[in-house]
Amino acid sequence: MSDEVGHRAERTARVVFVGTGPGDPDLLTRAAMRAIGDADVVVADSQRLVELARAAGLLNDDGQVVVTFDDYGGRDSMPFDDRVDLLHQSAVRGRSVIRLVPGDPFVDGRVEDEARACATAGLPFEVIPGVSLLTAVPTYAGVTLGGDAGVQFVSIPGGSLHHVRPDVYSFAGTMVLNTHAGEAPGITEAALEAGRPPHEPVMVTFRGGST
């Protein structure tokens with residue numbers, strides 16, 4: 001057994017949930033960069049996050065990379081139980097497993113269920129916060145969020161629109177929603193049913209934080 005293999009076998013298996021910010025490599029935190037650079041296995045929400053890590057020169061060429069979501073439709077290409085099992089199996093023998101998510105892990109990435117499953121399985125995990133898409137993307141787009149009526153932030157992962165309470169859309173101030181493009185028709189219908197005026201201004205931003 002080589003020294004490197006022996007060292008990894010002695011390490012404690014763990015999963016690190018890493019927030020990657022809005023898509024700009026310059027907004028990756030130092031903690032995120034260290035974690036990605038040391039990763040043996042990278043499990044990413046999308047190919048775009050893999051490209052982000054590669055653009056920052058962080059990915060280990062010898063590491064394993066797995067993408068679990070369809071970038072454009074926002075559909076989960078791997079069932080939840082299989083993804084949790086992937087994290088657990090990848091962490092055996094002390095390997096460092098990095099779970100890349102957009103924005104902030106528990107706000108935009110919505111990986112709390114995965115973290116809870118790790119805890120239930122006795123698998124240690126860490127969370128590295130990132131710059132949230134909900135605040136960074138409007139800033140990049142030049143949208144002021146400090147109006148007198150206030151602002152409401154809503155993160156809607158793909159396929160979970162039915163979990164959003166209808167009264168969320170009746171908020172009088174500015175609403176910032178982070179979701180996949182495929183959810184737009186359902187959001188529009190729900191907002192109109194909640195009483196929002198049809199002529200209300202709307203801004204739609206794709207790939208916020210990128211060029």
Side-chain angles (χ1 to χ4, degrees), residues 17-29 32 44-56 67-77 80 99-114 127-211:
F17 296 92
V18 178
T20 59
D24 184 346
D26 288 338
L27 292 185
L28 286 169
T29 65
D45 267 4
S46 70
Q47 186 61 38
R48 184 160 68 97
L49 297 185
V50 176
E51 294 169 1
L52 173 68
R54 291 196 191 284
V67 177
T68 65
F69 274 75
D70 162 26
D71 273 11
Y72 295 99
R75 292 179 294 274
D76 191 349
S77 61
F80 174 80
R99 179 74 169 88
L100 287 185
V101 297
D104 185 81
F106 285 177
V107 177
D108 310 288
R110 302 296 298 273
V111 291
E112 56 268 27
D113 287 341
E114 293 181 36
V127 180
I128 296 179
V131 178
S132 175
L133 299 171
L134 291 169
T135 55
V137 173
T139 299
Y140 272 115
V143 177
T144 301
L145 301 178
D148 294 339
V151 58
Q152 177 161 274
F153 298 101
V154 182
S155 183
I156 308 175
S160 64
L161 181 61
H162 59 284
H163 292 307
V164 180
R165 302 192 320 272
D167 61 343
V168 165
Y169 300 102
S170 61
F171 180 74
T174 300
M175 289 191 66
V176 179
L177 295 95
N178 173 35
T179 189
H180 294 282
E183 301 286 8
I187 289 173
T188 302
E189 181 179 353
L192 292 173
E193 289 180 353
R196 297 195 79 94
H199 60 273
E200 187 172 46
V202 175
M203 174 182 284
V204 180
T205 303
F206 292 93
R207 296 187 69 130
S210 69
T211 55

Check your understanding: Does the side chain to side chain contact (heavy atoms under 4.5 Å, CB included) test come out yes or no for D24 and Y140, once each step is laid out?
Key -> CA-CA 11 Å; D24 184 346; Y140 272 115; 2.9 Å; yes
Exercise for review: Given side chain to side chain contact (heavy atoms under 4.5 Å, CB included), test Y169 with E193 step by step and report yes or no.
Suggested key: CA-CA 9 Å; Y169 300 102; E193 289 180 353; over 6 Å; no
Check your understanding: Got L192 and P198 here, is their nearest side-chain heavy-atom distance under 4.5 Å?
Key -> yes
Review point. What's the shortest heavy-atom distance between A32 and I128, and which atoms?
Key: N-CG2, 3.8 Å
Point to revise | Selection residues 129-139 - residue pairs positive for side chain to side chain donor-acceptor pair (under 3.5 Å), sequence neighbours left out | key: D108-S132
Practice item. For L134 and V107, run side chain to side chain contact (heavy atoms under 4.5 Å, CB included): C-alpha distance rounded to whole Å, both residues' side-chain angles, the deciding distance at 0.1 Å, then the answer. Key: CA-CA 9 Å; L134 291 169; V107 177; 3.7 Å; yes
Check your understanding: Can you tell me how far the CE atom of M175 sits from the CD atom of E200, to the nearest 0.5 Å?
Key -> 9.0 Å
Review point. Under 3.5 Å, side chain of Q152 to main-chain N/O of V168, donor-acceptor pair present?
Key: yes
Check your understanding: Side chain of D104, backbone of G130: donor and acceptor closer than 3.5 Å?
Key -> yes
Review point. Are N178 and V154 side-chain neighbours, meaning at least one heavy-atom pair lies under 4.5 Å?
Key: no
Review point. Rounded to the nearest 0.5 Å, how far apart are CG of L52 and CD of Q47?
Key: 11.5 Å
Point to revise | Step-by-step side chain to side chain contact (heavy atoms under 4.5 Å, CB included) determination, L100 to F17 | key: CA-CA 6 Å; L100 287 185; F17 296 92; over 6 Å; no
Point to revise | Main-chain N/O of F171 paired with R196 side-chain donor or acceptor, under 3.5 Å | key: yes
Review point. Do R110 side-chain atoms and S155 backbone N/O form a donor-acceptor pair below 3.5 Å?
Key: yes
Exercise for review: Answer whether the closest heavy-atom distance between the side chains of V101 and T20 falls below 4.5 Å.
Suggested key: no
Check your understanding: With a 4.5 Å limit on heavy-atom distance, are the side chains of V18 and R99 in contact?
Key -> no
Exercise for review: May I ask you to decide if V151's main-chain N or O and T174's side chain share a donor-acceptor pair within less than 3.5 Å?
Suggested key: no
